There are 2 protein chains.
Amino acid sequence: MKEKLKEHIENLIPLTDEEFSFILSHVSFEKYKKNDFIIQEGENVKNCYLVVNGLLKLVYDDKNGKQHIVSFAMEDWWESDFSAYFSQTKAKMSLQCIEDTIVYSLSFQNYQKLSAELPKMKQFFLEKSNSGHSASQNRILSFLTSNAKERYEQLLKQYPLLFQRVPKTLLASYLGVSRETLSRLSS
Amino acid sequence: MKEKLKEHIENLIPLTDEEFSFILSHVSFEKYKKNDFIIQEGENVKNCYLVVNGLLKLVYDDKNGKQHIVSFAMEDWWESDFSAYFSQTKAKMSLQCIEDTIVYSLSFQNYQKLSAELPKMKQFFLEKSNSGHSASQNRILSFLTSNAKERYEQLLKQYPLLFQRVPKTLLASYLGVSRETLSRLSS
DNA sequence: TTATAATTGTGATGTATGTCACACTCGATT
DNA sequence: AATCGAGTGTGACATACATCACAATTATAA
């Protein structure tokens, strides 16, 4: 499993073996079961996570008890309630397993330590953050410019795999439509 | 005007005088008039911009010729079509002045140079990117959980100044509603 | 000033989408 | 095999919002 983390980082930035073992000593390997909460709303957010295997949802529960999916996290994605992680405050959102999931966990302290002591890692985090930011902007754009059907088709195109892995109800909650409307769109 | 840039960076990270003059030698100071385009859709995006004074809109023009505002950029904000900037490709969006505007411009090359040669600046960019990412996620959340009226009230609360500075049509286009609907919400 | 364009409000109407209710399928559990 | 619950489709109806049209007001420029 170590190889997967190494590959993941080297996808952006080559590492020496020493650098990689230094990194490895700052993360921890964790396994969760389907439906487990990795982060629960209201808790302090101590870690962010790299998904090695499995599937997560980052959800916000509104005052009416309705669930909204801010993001899915699939293999090779970093996820957390980043807003709470970076400010070391309480989670506004929950991170929960849709499938059995294996992750690398990185504490905020170790994130800072890696950033400070390994310039390559600061670079890595910077590039990850930049692309995360771009992805979010694209999602905003999709809300601004597209109706439910178009958003559905964009999602279908971008992540065809998702459709076999998650119930339609969750897709609806990601797209911002009711499950009934989504059902009518598919036909 | 130099002071404003220094203040802006030192808001996050203290700098020596040498460090600051090094930074200063890598940015350029530019003035634009109301309605000028700083970035035009289809162009290569060479720079990102720090707004010293004035107000910008980052807009996407859809296939039907309708304008969608992805972001306003006010004093003290960095803005660009970041997706195109970081990948050094053509702009999908335009950056245009709502008011006469003064900016610092930073080329991608100098961005890389500053990041590489000044660890403090890499840290600065990382923190900026992280907070930009969080802000975008909040905007997504607002689309998922709130109707037009609620989004309007959130915007009003977050940026009360904006309402005196920009026509309602633009606010509508930021909120993702028609100007008529926005007009009815205000009453 | 006068003319012209930009901005805003508001009615009438159409449409997309939400909500509620119910039925059906399918896999998991006992 | 029988039971249960999660996931899904679909009809009937309610509602939020878009669109089109027009008038009124306010800025801008000639």
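Quick caveat: nothing in here was measured; it's all calculated off a predicted structure. Below, chains carry the letters A, B, ... as their sequence lines are ordered, and counting in each starts from 1.
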Provide, to the nearest angstrom, the distance between the CD atom belonging to A:E150 and the P atom belonging to D:dA18. 14 Å

Does the gap between the ring centers of A:Y104 and A:F29 come in under 6.0 Å? yes

Nucleotide D:dT28, atom C1' - distance to CG of B:D100 in whole Å: 14 Å

Is the B:W77 ring parallel, tilted or perpendicular to the B:Y159 ring (thresholds 30°, 60°)? perpendicular

Does some side-chain heavy atom of B:T16 sit less than 4.5 Å from a side-chain heavy atom of B:F22? no

Is it true that the side chains of A:E150 and A:Q154 contain a donor and an acceptor less than 3.5 Å apart? no

Between CD of B:E99 and C1' of D:dA27 the distance, given in whole Å, is 15 Å

Check: B:H133 ring centre within less than 6.0 Å of B:F82 ring centre: no

So that I can tick it off, tell me whether A:K31 and A:D36 are bridged by a salt bridge, with the cut-off set at under 4.0 angstrom between side-chain N and carboxylate O. no

Rounded to the nearest angstrom, tell me the gap between atom CG in A:L144 and atom C1' in D:dA18. 15 Å

Between A:L58 and B:Q137, is any pair of side-chain heavy atoms under 4.5 Å apart? yes

5' to 3', nucleotides 11-30 of chain C under a 4.0 Å protein heavy-atom cut-off (B base, S sugar-phosphate only, - none) gives BB----SBBBB---------

Residues in contact with DNA chain D, drawn from residues 158-174 of chain A - heavy-atom cutoff 4.0 Å: A:P167, A:K168, A:T169

Decide yes or no for A:Y152 and A:V177: does some side-chain heavy atom of the first lie under 4.5 Å from some side-chain heavy atom of the second? no

Please report, rounded to the nearest Å, how far the P atom of D:dA6 is from the CD1 atom of A:I98. 16 Å

